Trainee: 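Before anything else, here's the structure in question.
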2 protein chains.
Amino acid sequence: MGKNLVGNHIRKLRFNHDEMTQQQLADKAGVTRQTIVALEKGNYSPSLELAFRIAHVFNLPLEEVFFYGENTKK
Amino acid sequence: MGKNLVGNHIRKLRFNHDEMTQQQLADKAGVTRQTIVALEKGNYSPSLELAFRIAHVFNLPLEEVFFYGENTKK
DNA sequence: ACTTCATGTATAGTTTATATTACATTTTGT
DNA sequence: ACAAAATGTAATATAAACTATACATGAAGT
């Protein structure tokens with residue numbers, strides 16, 4: 001519950017960018033794989049801090065990874 | 001604990017922009033005043049969703065309100 | 001066929017963000 | 001000086017983010 005209003009392009013970026021695995025992204029972002037899984041599934045929106053770290057992994061501004069509004073969960 | 005690595009310009013923006021009070025910002029962002037207080041004090045970093053909402057109140061991109069890295073809690 | 005690796009899924013537990021309430025202090029206006 | 005509004009601060013409570021672990025499935029390579 002708690003309609004998540006924040007979406008992201010993590011999965012796309014993992015592939016397009018570096019063919020990075022969930023585990024690798026998790027490591028680079030300093031979280032567990034479960035967190036990445038949950039984010040890709042849109043289960044919840046990350047903390048702002050984690051959002052910044054993930055964007056940094058992809059070398060992108062935060063708003064090119066995460067966006068507000070659309071209910072883009074599949 | 002939990003060194004907060006995310007800073008923000010909320011307080012500055014409240015004044016510069018609209019002379020908005022903590023309570024008004026809280027209302028517009030859909031949170032309580034306590035949350036605004038905590039954010040201005042740098043006690044913790046908000047959820048990404050709240051960060052988006054606050055940025056939207058100020059009509060600014062998220063990264064002009066919140067930033068990563070510096071511990072700017074003077 | 002077997003193993004390895006990436007992913008999906010689930011559950012329980014810890015930590016952190018946020019709400020709620022309440023009261024004290026400072027600021028502003030009259 | 002007084003009242004009202006804005007802010008500071010603090011305690012307890014709930015919800016949401018995140019960890020840890022475990023097991024199951026499917027693809028890829030040998």
Side-chain angles (χ1 to χ4, degrees), chain A residues 1-58 62-63 65-74, chain B residues 1-58 62-63 65-74:
Chain A
M1 301 281 93
K3 324 160 164 298
N4 180 16
L5 293 176
V6 177
N8 65 75
H9 301 299
I10 293 180
R11 195 173 188 93
K12 218 176 310 169
L13 287 169
R14 274 202 302 120
F15 287 92
N16 293 357
H17 250 246
D18 299 297
E19 286 287 343
M20 196 179 301
T21 137
Q22 290 177 336
Q23 187 64 61
Q24 289 171 329
L25 173 55
D27 291 343
K28 293 196 184 187
V31 291
T32 62
R33 188 173 67 88
Q34 290 320 304
T35 299
I36 302 300
V37 171
L39 292 180
E40 288 190 359
K41 282 187 38 175
N43 282 1
Y44 48 69
S45 74
S47 65
L48 180 57
E49 193 171 333
L50 176 54
F52 270 120
R53 294 207 304 266
I54 291 178
H56 183 252
V57 169
F58 290 124
L62 189 147
E63 300 192 63
V65 181
F66 299 93
F67 49 91
Y68 186 65
E70 321 313 300
N71 196 356
T72 313
K73 58 174 12 175
K74 77 128 172 320
Chain B
M1 302 270 89
K3 328 162 161 294
N4 181 16
L5 293 176
V6 177
N8 67 74
H9 302 299
I10 293 179
R11 196 174 187 92
K12 218 176 310 169
L13 287 169
R14 275 203 300 120
F15 287 93
N16 294 356
H17 250 245
D18 299 297
E19 286 287 344
M20 197 180 301
T21 139
Q22 290 177 336
Q23 187 63 62
Q24 289 171 329
L25 173 55
D27 291 343
K28 293 196 184 188
V31 291
T32 63
R33 188 173 67 88
Q34 289 322 303
T35 299
I36 303 300
V37 171
L39 292 180
E40 287 191 359
K41 282 187 39 176
N43 282 1
Y44 48 70
S45 74
S47 65
L48 179 56
E49 192 171 332
L50 176 54
F52 271 120
R53 294 206 306 265
I54 291 177
H56 183 253
V57 169
F58 290 125
L62 190 148
E63 300 193 62
V65 182
F66 299 93
F67 50 90
Y68 187 64
E70 315 315 299
N71 196 352
T72 313
K73 59 175 4 178
K74 64 134 168 336

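All values reported here derive from a predicted model rather than from experimental measurement. Computation of the quantities below employed the complete heavy-atom set of this structure, encompassing side-chain atoms and omitting hydrogens, waters and symmetry-equivalent molecules.
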Trainee: B:R11: what forms a side-chain contact (heavy atoms from CB on, under 4.5 Å) with it, not counting sequence neighbours?
Mentor: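 If we apply the side-chain contact (heavy atoms from CB on, under 4.5 Å) test to B:R11, skipping adjacent residues, the hits are B:R14, B:F15, B:Q22, B:E40.
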Trainee: Could you tell me how far apart A:Y44 (OH) and C:dT15 (C1') are, to the nearest whole angstrom?
Mentor: 12 Å
Trainee: Scan for ring pair (Phe, Tyr, Trp, His ring centres under 6.0 Å) pairs involving residues 32-56 of chain B, sequence neighbours excluded, and state none if there are none.
Mentor: A:Y68-B:F52
Trainee: Atom CD of B:Q22 to atom P of C:dT18: distance rounded to whole Å?
Mentor: 15 Å
Trainee: How would you list, by chain and number, every residue that makes a side-chain hydrogen bond (donor to acceptor under 3.5 Å, both in side chains) with B:K28, sequence neighbours excluded?
Mentor: none
Trainee: Can you measure A:N43 atom CG to D:dA15 atom C1' for me and round it to whole angstrom units?
Mentor: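 Checked: the CG to C1' distance equals 15 Å.
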Trainee: Can you tell me how far apart CD1 (B:I36) and CE (B:M20) are? Round to the nearest 0.5 Å.
Mentor: 10.0 Å
Trainee: Rounded to the nearest angstrom, tell me the gap between atom CG in A:L25 and atom C1' in C:dC5.
Mentor: 17 Å
Trainee: With rounding to the nearest 0.5 Å, note down the distance linking CD in B:E49 to CG in A:L5.
Mentor: 4.5 Å
Trainee: What is the distance, to the nearest angstrom, from the CD atom on B:Q23 to the P atom on D:dA4?
Mentor: 18 Å
Trainee: Please name all residues satisfying side-chain hydrogen bond (donor to acceptor under 3.5 Å, both in side chains) with A:D27, sequence neighbours left out, ordered by chain then number.
Mentor: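 With sequence neighbours excluded, A:D27 shows a side-chain hydrogen bond (donor to acceptor under 3.5 Å, both in side chains) to A:Q23, given in chain and number order.
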Trainee: Kindly state which residues belonging to residues 29-40 of chain A come within less than 4.0 angstrom of DNA chain C, counting heavy atoms of the residue only, listed by number.
Mentor: A:R33, A:Q34, A:V37
Trainee: Assert yes or no for the condition that the ring centre distance of A:H9 to A:F67 is strictly below 6.0 Å.
Mentor: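 Centroid separation for A:H9 and A:F67: below 6.0 Å.
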Trainee: Could you go through nucleotides 28-30 of chain D and list every protein N or O atom that sits under 3.5 Å from one of its N or O atoms, giving the distance for each pair?
Mentor:
none

Trainee: Please tell me which of the listed nucleotides, C:dT7, D:dC18, D:dG8, lies nearest to the side chain of A:S47?
Mentor: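 Looking only at side-chain atoms, A:S47 lies closest to D:dC18.
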Trainee: What's the shortest heavy-atom distance between A:N8 and A:I10, and which atoms?
Mentor: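 The answer is OD1-N, 2.9 Å.
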Trainee: Have a look at the helix from C:dA1-D:dT30 to C:dT30-D:dA1 and give the angle its two end axes make, five pairs each, rounded to 10 degrees.
Mentor: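 Comparing the axis at each end, I get an angle of 50°.
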Trainee: Of the non-hydrogen atoms in A:L50 and A:P46, which two are nearest, and what is the gap between them?
Mentor: CD2-CB, 3.9 Å
Trainee: C:dT18, OP1 or OP2 - any side-chain N/O from B:R53 closer than 4.0 Å?
Mentor: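 The answer is no; no side-chain N or O of B:R53 sits under 4.0 Å from OP1 or OP2.
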Trainee: Would you indicate whether the side-chain heavy atoms of A:R53 and A:V57 approach each other to under 4.5 Å?
Mentor: no
Trainee: Could you give me the CA-CA distance, side-chain angles and deciding distance for A:I54 and A:L13, then say whether side chain to side chain contact (heavy atoms under 4.5 Å, CB included) is met?
Mentor: CA-CA 11 Å; A:I54 291 178; A:L13 287 169; over 6 Å; no
Trainee: Whole angstrom is fine here: how far is it from CG in B:D27 over to P in D:dA5?
Mentor: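 For the pair B:D27 CG and D:dA5 P, the rounded distance is 15 Å.
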Trainee: Below the 4.0 Å mark, does C:dT16 have OP1 or OP2 next to a side-chain nitrogen or oxygen of B:S45?
Mentor: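 No, no such contact exists.
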Trainee: Between C:dT7 atom C1' and A:K41 atom NZ, what is the distance in whole Å?
Mentor: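 Taking NZ of A:K41 and C1' of C:dT7, I get 11 Å after rounding.
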Trainee: Distance check needed: C:dC5 P versus A:E19 CD, whole Å only.
Mentor: 17 Å
